[in-house]
Amino acid sequence: MSDHEQQPAPRRGKVLEALARAERKVFTRPAPKSAKAQVKFLLTRTKDSAKDLAARLGTSRRTVERYRAGKLTKPQTRLQAALVEETESEWQPQVRVQAREQASTSNGMMVSVVAYFGFTASGSSDDGRIRHITTPISPTYAAQILQLQESGATEEDLHPVVAEAITESYFTESGTRADGLRADFTHVQSVDFEF
């Protein structure tokens, strides 16, 4: 593959991207910023295999070697995005595991979402509409969301679990009101998680 071939950068859904951002917020040190430093770091993760790293980044082995040697310094937009994504996905794995463990067992997570919420319930309920909601999610739901993410779930797989977690925490207040209410969210405009 030549340096000039373009592959579309992978797009994650808003919920998956928000989970990745939440993990990056718990880093205790900044990830490498320059292309050379990112390539050197990623090579340590691929046992110094330029060929394996090139396959992960969607570029040629020779391009990886040029960045390692410092002969190239300014990657194209797609390669820069891939370097950032791969570096941050490998950076400080123990810190990431510790934050996920804590969210799944004791602290839960905080979620802030702007989306269209529709409701089904026995009796009457508000009509669906765009809402901005910030609420804590219990460790039980945090564990389900993180397990789904880890198992490679799609955005569509995560939406019902996140909606159920928000329903329990925000709308039914952990079962103390609005018994039988079910909320679904669609048209997600923004979402953020915090461990």
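Keep in mind that this is a model prediction, so the values were computed, not measured.
Counting only distance, with no hydrogens or angles, the side chain of Gln80 and the backbone of Lys74 share no donor-acceptor pair below 3.5 Å. Put simply, the side chain of Thr87 gets close to the backbone of Leu83: a donor and an acceptor are under 3.5 Å apart. Distance alone, capped at 3.5 Å, places no donor-acceptor pair between the Arg96 side chain and the Val26 backbone. For the pair Glu86 (side chain) and Leu57 (backbone), a donor-acceptor distance under 3.5 Å is absent. Judged purely by atom type and a 3.5 angstrom limit, Gln189 has no side-chain atom pairing as donor or acceptor with the backbone of Val114. Looking only at distances, no side-chain donor or acceptor of Asp52 sits under 3.5 Å from a matching main-chain atom of Ser49.
When side chains are defined from C-beta on, Ile145 counts as touching Met109, because their heavy atoms get closer than 4.5 Å. The side-chain heavy atoms of Phe193 and Val15, taken from C-beta on, include a pair separated by under 4.5 Å. Using a 4.5 Å heavy-atom cutoff, the side chains of Gln102 and Phe195 are not in contact. Contact check for Phe117 versus Arg129: no side-chain heavy atoms found under the 4.5 Å cut-off. Side-chain atoms of Gln92 and Arg29, non-hydrogen and from C-beta on, do get closer than 4.5 Å to each other. For the pair Tyr170 and Thr134, the minimum side-chain heavy-atom distance is 4.5 Å or more. For the pair Asp48/Leu53, no side-chain contact is recorded, criterion being any heavy-atom separation below 4.5 Å from C-beta on. The side-chain heavy atoms of Ser104 and Pro139, taken from C-beta on, include no pair separated by under 4.5 Å.
For the atom pair Thr46 OG1 and Lys51 NZ, the distance stands at 12.5 Å (nearest 0.5 Å). Leu43 contributes atom CG, which lies 13.5 Å from atom OH of Tyr67 (distance to the nearest 0.5 angstrom). Separating the CD1 atom in Ile166 from the CZ atom in Arg131 is a distance of 11.5 Å, to the nearest 0.5 Å.
Ionic pairing of Glu90 and Arg56 is present here: one or more N-O contacts between side-chain nitrogen and carboxylate oxygen are shorter than 4.0 angstrom. By the 4.0 Å N-to-carboxylate-O rule, Lys14 lies too far from Asp192 to be salt-bridged with it. A salt bridge links Arg100 to Glu23: at least one charged side-chain nitrogen sits closer than 4.0 Å to a carboxylate oxygen. A salt bridge links Arg24 with Glu17: the closest approach of a Lys/Arg side-chain nitrogen to an acidic carboxylate oxygen falls below 4.0 angstrom.
By the criterion of side-chain heavy atoms lying less than 4.5 angstrom apart, applied directly or through intervening Ile, Leu, Val, Met, Phe, Trp or Tyr residues, Val84 is not grouped with Val64; the two fall into different hydrophobic clusters. Grouping the Ile, Leu, Val, Met, Phe, Trp and Tyr side chains by contacts below 4.5 angstrom, directly or via other members, places Met110 apart from Leu158.
Enclosure of atom NE2 in His187 is not indicated, since only 12 or fewer non-hydrogen atoms of other residues, nucleotides or ligands lie within 6.0 angstrom. When the shell of 6.0 Å around NZ of Lys25 is examined, it contains more than 12 heavy atoms from other residues, nucleotides or ligands.
The aromatic rings of Phe41 and Trp91 sit perpendicular, their planes meeting at an angle over 60°, well past the 30° parallel limit.
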Requested in this report: Kindly indicate, with the supporting measurements, whether the criterion side-chain contact (heavy atoms from CB on, under 4.5 Å) is fulfilled by Val191 and Phe185.
Outcome: CA-CA 11 Å; Val191 63; Phe185 74 84; 5.9 Å; no

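Judged purely by distance below 3.5 Å, without hydrogens or angles, the side chains of Thr167 and Thr172 never pair a donor atom with an acceptor atom.
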